Protein chains: 2
Amino acid sequence: MDDAGALKAFAALAGADRLAIVKLLVEAGPDGLNAGEIARLLGAAPSRASFHLSTLAETGMVSATKQARTVTYRIDFAVMAGLVQFLMEDCCKGAPQVRDCCG
Amino acid sequence: MDDAGALKAFAALAGADRLAIVKLLVEAGPDGLNAGEIARLLGAAPSRASFHLSTLAETGMVSATKQARTVTYRIDFAVMAGLVQFLMEDCCKGAPQVRDCCG
DNA sequence: CTTTCATTTCAACGATTCTTGAATTAACGT
DNA sequence: ACGTTAATTCAAGAATCGTTGAAATGAAAG
C-alpha cells in the first residue's frame, strides 16, 4: 500500500460508523453482509450506511458484489494486512517495538 | 488501545501533513525534532505545524517535552504498537492473513 | 404491467476541520 | 530594559465531511 492508499484507509477508519462496519464484516467472515443488514445492525438509515460503505469500498478494505437486488459487502483481509504492513514498515520503519507487538 | 483512542489515532493519521510528521519523527529517532525544524521540513507555517502537532500529541502517538524555548517532539512507539495491535486483534479479530502479514 | 423491495443517488443543511496571518507567551542575548 | 527567537493561541474564512429525507434505479413477484 502506498501513502495515498494509507491516507484514504485511515480517513475511512476514522469514523465510528465505518469502524463499526469493518468490525461487523470481520465477524461476518467470507459470507459478508448485505447493505440492508448492515444498516439495521448499525441503527442507521440505508442512505447513511450506503454512504459509508461507498467510502470504505473506495479504500479496498471492503468489496461489494451485487446479486440481483442485494449487494453483499465483505472484508478484504489482504488490504487490511497491507495497511498493517504500511504502519509497521513504511511508517515506523520496521521498529522492533512495533514489529514485535503481537507475539 | 480502545475504540475511542483508535478513532482519534486514525483521524490523526488521515492527513498528509500529520502522516509526514509521524514519518519525520520515526526517522529522527529518540532525539526527536523540535517544532521549528518540523515546520521547516514540512514547508508549513509554524502555526500550522503546531496545530497538527497538537492533534498528534492528543493521540499519544507523539510526545512533547519543553526545554527552555524549544519544544521537542518524539514518536511513541508503544502507542504506534498499540494501534497496530488494535488493527490486528480488535478490528480483524486476529485473522491469520493480517497477523502473519509481516513475516 | 404494476407493485414492491433493496439499494444508491441527490440536494440541502449543519458540523467539523484546515489554513492563514496576527497577536501572545515565554525565554534568551546584549 | 530591549529586541529577538521559539512556539502556541486566536479569529476568520475556506474547504471538507456527515446526516437527512426524498427521488431514482433496477430487479423480483404478483
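We name chains A, B, ... by the order of the sequence lines, and we start the count at 1 in each one. Here the structure is a predicted model, which means the values were calculated and not measured.
Checked by atom type and distance alone, the side chain of A:Arg18 pairs as donor or acceptor with a backbone atom of A:Ala12 at under 3.5 Å. A donor-acceptor contact shorter than 3.5 Å is absent between the side chain of B:Ser50 and the backbone of B:Pro46.
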message = Quick one, B:Val71 with B:Thr65, criterion side-chain contact (heavy atoms from CB on, under 4.5 Å). Give me CA distance, side-chain angles, the key distance, then yes/no.
response = CA-CA 6 Å; B:Val71 177; B:Thr65 61; over 6 Å; no
Derivation of the side-chain contact (heavy atoms from CB on, under 4.5 Å) call for A:Leu33 and A:Thr72 = CA-CA 5 Å; A:Leu33 290 170; A:Thr72 299; over 6 Å; no
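Pairs engaging residues 67-88 of chain A under the salt bridge (Lys or Arg N to Asp or Glu O under 4.0 Å) rule: none recorded [sequence neighbours left out]. For the side chain to side chain donor-acceptor pair (under 3.5 Å) condition, the pairs that include at least one residue of residues 79-91 of chain A, sequence neighbours left out, are A:Glu89-A:Arg99. Residue pairs that meet the salt bridge (Lys or Arg N to Asp or Glu O under 4.0 Å) test with at least one member in residues 20-32 of chain A, sequence neighbours left out, are A:Lys23-B:Asp3, A:Glu27-B:Lys93. Residues in residues 48-62 of chain A take part in these salt bridge (Lys or Arg N to Asp or Glu O under 4.0 Å) pairs, two or more places apart or across chains: A:Lys8-A:Glu58, A:Asp17-A:Arg48. Within the structure, every pair that satisfies the side chain to side chain donor-acceptor pair (under 3.5 Å) test and touches residues 34-45 of chain B, not counting sequence neighbours, is listed here: B:Asn34-B:Glu37.
An end-to-end axis angle of 10° holds for the helix from C:dC1-D:dG30 to C:dT30-D:dA1, taken from five base pairs per end and rounded to 10°.
Using a 4.0 Å cut-off on heavy atoms, the residues of residues 60-76 of chain A that approach DNA chain D are A:Ala68, A:Arg69, listed by number. Taking a 4.0 Å limit (strictly below) on heavy-atom distances, residues 14-25 of chain B does not reach DNA chain D anywhere. Sorted by residue number, the members of residues 36-56 of chain B with any non-hydrogen atom under 4.0 Å from DNA chain C read B:Ser47, B:Arg48, B:Phe51, B:His52.
Among residues two or more places apart in sequence or in another chain, the side-chain hydrogen bond (donor to acceptor under 3.5 Å, both in side chains) test is passed with B:Thr70 by none. Take A:Lys66 and apply the side-chain hydrogen bond (donor to acceptor under 3.5 Å, both in side chains) test, not counting sequence neighbours, and it matches no residue. Judged as a side-chain contact (heavy atoms from CB on, under 4.5 Å), and not counting sequence neighbours, the contacts of B:Ala20 are B:Leu42.
The side chain of B:Asn34 places no N or O atom within less than 4.0 Å of a non-bridging phosphate oxygen (OP1 or OP2) of D:dA6.
Summarising the geometry, the separation between CG on A:Leu33 and P on C:dT7 is reported as 11 Å, rounded to the nearest angstrom.
Between B:Leu87 and B:Phe10, the closest side-chain pair of non-hydrogen atoms falls below 4.5 Å.
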